[in-house]
Amino acid sequence: MSIRVEALTKVYGDQKAVDGISFTAGPGVLGFLGPNGAGKSTTMKILTCFIPQTSGTASVCGFDVVSQSLDVRRHIGYLPESNPLYLDMYVKESMAFIAGIHKMHEPEKRIAEVIEQTGLGPEQHKKIGQLSKGYRQRVGLAQAILHNPDVLILDEPTSGLDPNQLIGIRQLITDLGKTKTIILSTHIMQEVEVVCDKVIIINKGKIVADDTLKGLLGKNNKSTLEGIFISLTN
Ligand code: ADP
């Protein structure tokens with residue numbers, strides 16, 4: 001399994017944001033669902049070595065997020081919810097900048113490959129600030145996959161996109177999920193039904209469902225994922 005999480009807990013002050021969760025994930029797209037404040041982003045930040053957990057363990061491709069964080073960073077790509085981008089940089093320039101952070105040697109070929117893969121070709125000579133939100137998300141994804149990580153963590157990558165942009169990004173995520181382990185947080189249940197193989201629902205820091213999409217829909221006496229989500233988190 002590419003991701004192993006065991007009894008993971010994160011306490012902020014006197015608040016338990018993540019409360020002893022355990023799960024594993026392998027290649028494919030895992031939908032990571034839960035109401036606002038459930039602990040999704042906190043879990044994602046621990047997996048990507050941005051913050052340390054309070055207790056428990058997490059590993060990515062066999063590397064511990066605390067003691068082997070450099071190895072974890074090499075194997076993981078992260079698109080944070082806010083997707084911070086340098087708006088004054090040109091698309092290609094921003095990719096070269098990220099390649100530099102990863103100390104990639106002669107990255108031009110890989111940059112061209114990723115620009116092609118993420119459909120950024122027609123926009124590659126523009127400044128990021130001149131791009132639509134959909135294309136900015138493509139830049140975020142392109143930056144996240146540039147070093148060809150085995151694991152991708154995507155925090156609400158489709159929020160605020162129009163229906164046409166949604167289709168493009170979802171297709172991209174589906175394609176990436178054929179070879180990579182992807183954790184996708186989203187509030188759009190229809191998106192989960194289209195893109196995800198597996199689903200974890202987290203509520204108040206605890207996992208309340210961990211199943212395949214088919215299994216979850218079959219097990220619960222509700223016809224929609226939305227109904228299951230509401231009954232488990234309300
Ligand atoms: P989600 O991503 O599911 O919306 P978060 O992981 O962002 O949830 O937050 C989980 C809980 O932890 C929330 O109650 C939130 O207010 C709290 N929290 C998140 N980050 C911090 C922080 N840096 N300091 C204090 N509390 C935080």
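Ligands are counted one by one from 1 in listed order, and the atoms in each one are counted from 1 as well. Every value quoted in this text rests on a predicted model; they were computed, and no experiment measured them. When reading the values below, keep in mind they use all heavy atoms of this one structure, side chains included, and skip hydrogens, waters and symmetry mates.
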message = Strictly by salt bridge (Lys or Arg N to Asp or Glu O under 4.0 Å), give each pair with a member in residues 158-170 just once, sequence neighbours left out.
response = Arg170-Glu191

ask   = Name the one of Val65, Leu47, Leu30, Thr24 that satisfies side chain to side chain contact (heavy atoms under 4.5 Å, CB included) with Ile3?
value = Leu47

query = What does the list of residues with a heavy atom under 4.0 Å from ligand 1 look like, ordered by chain and number?
reply =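 For ligand 1, the residues that come within the 4.0 Å heavy-atom cutoff are Tyr12, Gln15, Ala17, Pro35, Asn36, Gly37, Ala38, Gly39, Lys40, Ser41, Thr42.
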
message = Which residues pass the salt bridge (Lys or Arg N to Asp or Glu O under 4.0 Å) test with Arg73, not counting sequence neighbours?
response =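 With sequence neighbours excluded, Arg73 shows a salt bridge (Lys or Arg N to Asp or Glu O under 4.0 Å) to no residue whatsoever.
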
For residues 176-185, which side-chain N or O atoms pair as donor and acceptor with protein atoms under 3.5 Å away, sequence neighbours left out?
residue	atom	partner	partner atom	Å
Lys178	NZ	Asp175	OD1	3.2
Lys180	NZ	Asn148	OD1	2.7
Lys180	NZ	Pro149	O	2.7
Thr181	OG1	Ser2	OG	2.7
Thr181	OG1	Gly26	O	3.4
Ser185	OG	Asp155	OD1	2.8
Ser185	OG	Glu156	N	3.2

request  = Taking only Lys NZ, Arg NE, NH1 and NH2, and the carboxylate oxygens of Asp or Glu, determine whether Lys214 and Asp197 approach each other closer than 4.0 Å.
outcome  =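 Not counted as a salt bridge, because no side-chain N and carboxylate O are separated by less than 4.0 Å.
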
message = Nearest 0.5 angstrom please: Leu131 CG to Lys133 NZ, how far?
response = 13.5 Å

